[in-house]
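What follows is a single structure, written as C-alpha cells, with notes after it.
Just the heavy atoms: all of them, side chains too, but no hydrogens, waters or symmetry mates, feed the values below. Chain letters run A, B, ... following the sequence lines, proteins first, then strands; residues in each count from 1.
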Amino acid sequence: MTGWALDLFQRDLKLSVRIGGSALVGVLFFLAVVTVIPFGVGPDLNLLARIGPAILWIGALLATLLGLDRVFQADREDGTLDLMLMAGRPLELVVLIKCLAHWVATGLPLVIAAPLLAIFLNLEPLAMGAVTLTLLAGTPALTLIGAIGASLTVSLRRGGLLLAVLVVPLAIPVLIFGVSAADAAIHDPVPFLTPFLILCALTLIAAVVGPVASAMALRFSAD
Amino acid sequence: MAFWDYANPTRFLRLVHVVLPWLTGLCVLAFAAGLYMSFFTAPEDYQQGDTVRIMYIHVPAAWLCMMCYTVMSISSIGTLVWKHPLADVSAKSAAPIGAAFTFMALVTGSLWGKPMWGTYWVWDARLTSVLVLLIMYLGLMTLWRTMEDPIKAGKAAAVLTLVGALNLPIIKFSVDWWNTLHQPASVVRMDGPTIHPDILWPLLVMAIAFTLLFFVLHLMAMRNEILRRRVRALRLRAASASHPGAAAATAQPAE
Amino acid sequence: MDLGTHAGFIVASYALCALTIGGLIAWVRLDKANQERDLKELADQGISRAASGFGSTRKS
Amino acid sequence: MENCPCIEAAGPINKTSFILAWSPVLKLIAENLTIDRGGRRVFQDLSFTLDQGTALVVTGANGIGKSSLLRTLAGLVSLAGGDIRLEGGQADRLPFEQTHYFGHQDAVKPALSVLENLTFWRSFSAATPADVFAGKTVAPLEALELLGIAHTAHLPAAYLSAGQKRRLSLSRLLVTPRPIWLMDEPTSALDKASEKQLLDLMNGHLASGGLIVTATHTDLALDTTSILHMRTPDPSEIAPQEMLS
C-alpha cells in the first residue's frame with residue numbers, strides 16, 4: 001500500500017524542487033508581500049508590531065493560494081492526470097499526498113521563513129513563536145482548501161487568479177483563528193489555546209473535505 | 001575591458017586558470033591586512049565605541065552589492081546588445097554572489113543597528129533599499145532557475161536586470177523620501193563618524209579585499225557555468241546519438 | 001584588543017560574514033566538482049567534446 | 001443533426017489457428033454505449049464484444065468519435081448510457097483499472113529522468129494479478145532496452161525527441177501487466193523501424209492473452225483483428241425522441 005504513496009510523494013517533491021519547479025517562489029513571494037506592506041503602512045515600528053501577525057498570515061495565505069494552480073494543471077497538460085485517474089488508486093488519497101508534497105515544498109518554507117520576516121515587523125520573540133506555531137498548524141489547511149479550487153479550475157487556461165477568488169472565502173476561518181491565536185499570545189484577551197485548537201480542528205476538517213471534494217472535481221474535469 | 005575579448009569559452013577558461021591563483025593570493029593578503037588594520041590600528045569611535053568596527057565589513061559589503069549589480073547590468077547589455085556569448089554566463093554566475101553580499105550587508109547593518117537603536121531592524125532608507133535589492137537578486141536567481149533553456153533564460157534575465165538597474169535610483173529616491181516622510185529625525189545618521197584617515201585606510205583595504213573576493217568567486221562561478229553548459233550540450237547529443245549498443249532485438253532506431 | 005561592551009555584536013557580524021563567504025566558496029567548489037564529475041561520466045560513455053559545437057575551435 | 005454513428009461489426013479478418021491455453025477467458029463487453037460531450041451526442045447504442053487475444057481496430061472518419069470511444073473505455077468520459085464489463089477480469093476492479101491507455105499525450109515529466117518516469121508509473125499503476133492475466137512483465141531498464149532508449153535512462157526526459165518520448169510512454173505499458181491496451185493512433189511520431197517494434201509488442205500482448213482496442217488509419221498487421229467501423233447514420237435511423245434534445 002505505501003509503496004506507491006511514497007513514490008508519488010517523492011515524485012511531486014522532486015518536480016517542485018528541480019528546474020521549473022515552484023518550491024522557493026512561494027517564499028520569495030511571501031518575502032515580497034511582507035516587505036511591501038510597511039512601504040504602504042509606514043515604518044512606524046509600534047504599528048507594525050501590532051499588525052505583524054496579520055501581515056504574516058495574509059502573506060502566507062496569498063503565497064499558498066497563488067502557488068497552488070500548478071498542482072493539478074501541470075499533470076493535466078501532459079496527460080499524467082488521465083493516467084492517475086486510471087491507476088486504480090483511491091483518488092482521495094492521491095490528492096492528499098499531492099497536497100502534502102505541495103505543502104512540504106511551499107508551505108513549510110513559509111513557516112521557516114516566518115520568524116525571519118517577523119524581524120522586519122519588529123515582533124518580540126514571544127509573538128514570533130506564536131505566529132510561527134499558528135502558521136505551522138494553519139498552512140496545511142490553506143493548501144488543502146486551495147486544492148479544491150485547483151481541481152475546480154484545472155481545465156481552465158488561466159485558473160490561477162480564479163482559484164484564489166474561489167478559495168479565499170473558504171480560507172477566511174483559518175485566517176481569523178490563525179491571527180487571533182497569534183494575537184492571543186501577545187495581548188491575551190483570550191487564552192492562546194482556544195483559537196489555536198480551533199485552528200487545528202479546521203486543518204483536520206480540511207484534510208477530509210479537501211481531498212474528497214477535489215477528487216470529485218477531478219473526475220468531472222476528466223472528459 | 002580586455003577581459004571581454006576572451007569570447008571563446010575555451011580561451012576564457014585558460015585565462016581563468018592562469019589568473020585565478022594570483023587573484024586568490026592577492027585577495028587573501030588584502031583580507032589579512034584589512035582585518036588586522038580594522039581591529040588593531042583603527043581607533044574606537046567617540047560615540048559608538050567598538051561597534052564601529054562592524055562598519056569595516058558592512059560598508060564594503062554594501063558597495064559590493066552595488067558593484068555586483070553593475071557587473072550584471074553590463075553583462076546584460078553584453079547579452080542583448082553586443083550578443084557576447086559569455087555575457088549571460090557572467091550575469092548568471094554573478095547573481096548568487098551579489099545576493100550573498102547583499103545578505104551580508106543586511107545582517108551586519110542589522111547587528112550594527114541593535115546596539116545603537118535597540119532593535120534589529122529599522123526601516124532606515126539605506127537598509128530598506130538594500131533589502132529591496134536583495135529581493136531583486138533573489139527574483140533574478142529564480143528566473144534563471146525556472147527556464148530550462150539557458151539562452152532564453154539569459155535574454156529574459158538580461159531584460160529584467162536592465163529594467164532593475166533603471167529602477168534602482170528611483171527606488172533609492174522614493175525610499176529616502178518615504179523614510180524622511182515618516183521618520184522623525186531622531187534616528188542617528190547611519191554613515192557614522194566623519195571619515196578620519198585612521199578609519200579610512202582599513203575601510204579602503206577591506207573594500208579592495210572584498211572586490212578581489214568578488215572577482216575570484218565570479219571567475220570561478222563563470223567557469224562552473226561554462227562546464228554546466230557543456231554537460232547539458234553533451235547530454236543533448238547523448239540522447240539523440242543512436243547508441244551503438246542498442247539491444248539486438250530492436251531495429252536500429254533511425255532517430 | 002578589547003572589543004568593548006557590544007563585543008558580541010561585532011563578533012556575530014564578522015562570524016556571519018565569514019559563514020556567508022565560506023558558504024559561497026563551498027558552493028563554488030562543490031559545483032565545480034559536480035560539473036567535472038558529470039563531464040567525466042559523459043566522457044566515459046564515449047561522448048567527448050571533439051565534435052561539440054559549443055564555441056570550441058578545431059585547434060583548442 | 002448531430003452525427004451519431006452506429007456500428008457495423010465485420011467478422012474477424014485473419015483468425016490465426018493456434019489456441020493458447022489462457023487463464024479464465026477474458027471478454028470485454030460493451031453494451032449500447034451512449035456518450036454526450038459538450039451537449040453533443042457523440043455516439044449512441046454502440047456495442048461490441050472483444051475476446052481474449054484479439055485486437056479491435058476502430059476505423060471511421062476523423063472526428064467521428066474514435067478517440068471518444070477509447071477515452072470512454074478508459075473511464076475518462078462518463079457514460080450517458082450503456083455499460084462496459086470485463087468478464088473474467090478482476091472482480092473488485094473496474095474495467096478501466098485493468099486497462100492501459102496509450103493516447104496522444106505521453107505523460108512524460110521533462111524534469112524527471114527517463115528511468116524515474118518509468119519506475120514511478122511501475123509502482124503507481126496497480127498491476128493486474130497473474131491469475132487473471134498472465135501477461136509478461138519487464139523490468140524498467142529492460143523495457144527501455146527493448147525500445148532502444150536505454151542509453152537515455154539517466155538523462156532528464158526533457159532531452160528526448162518526440163519519437164523517444166512516445167517510446168518511453170510505450171514502455172510504461174510493458175512494466176505493469178494489464179490485460180486491456182487502448183491505443184489511440186499508436187504509430188504517430190514513430191518511424192518505420194519503431195512501427196515494426198510496436199507491432200511486435202502488440203502481437204506479443206495478444207499472444208499472451210491480452211486485448212487491444214486501437215483507433216488507427218494505418219493498417220496494422222496484427223494477428224487476430226476484428227473491425228469496428230464507425231460511420232454517421234442516415235437521418236432515418238435516429239430514434240424519434242432524439243429530436244427533442
> Would you say the side chain of A:L56 lies within less than 4.5 Å of the side chain of A:V34, judging by non-hydrogen atoms?
Replying inline: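 Heavy-atom side-chain distance check passes, below 4.5 Å.
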
Answer with side chain, backbone, both or neither: which region of [X] has an atom nearer than 4.5 Å to a non-hydrogen atom of chain A?
| X | result |
| --- | --- |
| D:H100 | backbone |
| D:R122 | neither |
| D:F120 | side chain |
| D:T128 | neither |

> For chain A, which of D:G75, D:S169, D:A111 has the most heavy-atom pairs under 4.5 Å?
Replying inline: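 Maximum pair count with chain A is reached by D:A111.
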
>> If we define contacts as heavy-atom pairs under 4.5 Å, which of D:Q105, D:R178, D:R172 has the most with chain A?
In response: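 Sorted descending by pairs with chain A, the first entry is D:Q105.
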
>> Less than 4.5 Å to any heavy atom of chain D: does that hold for the side chain of A:Q10, its backbone, both, or neither?
In response: neither

>> Can you tell me how far apart OG (A:S16) and CZ (A:R70) are? Round to the nearest 0.5 Å.
In response: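 Reported to 0.5 Å precision, the distance equals 12.5 Å.
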
> Mind checking what makes side chain to side chain donor-acceptor pair (under 3.5 Å) contact with D:N117, not counting sequence neighbours?
Replying inline: none

> Can you name the side chain to side chain donor-acceptor pair (under 3.5 Å) partners of A:T139, sequence neighbours left out?
Replying inline: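 For A:T139, the residues satisfying side chain to side chain donor-acceptor pair (under 3.5 Å) (neighbours in sequence not counted) are A:W103.
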
> Could D:K165 and A:D78 be called an ion pair, given the rule that one side-chain N must be under 4.0 Å from one carboxylate O?
Replying inline: no

> Charged N to carboxylate O under 4.0 angstrom, D:E116 versus D:K109?
Replying inline: no

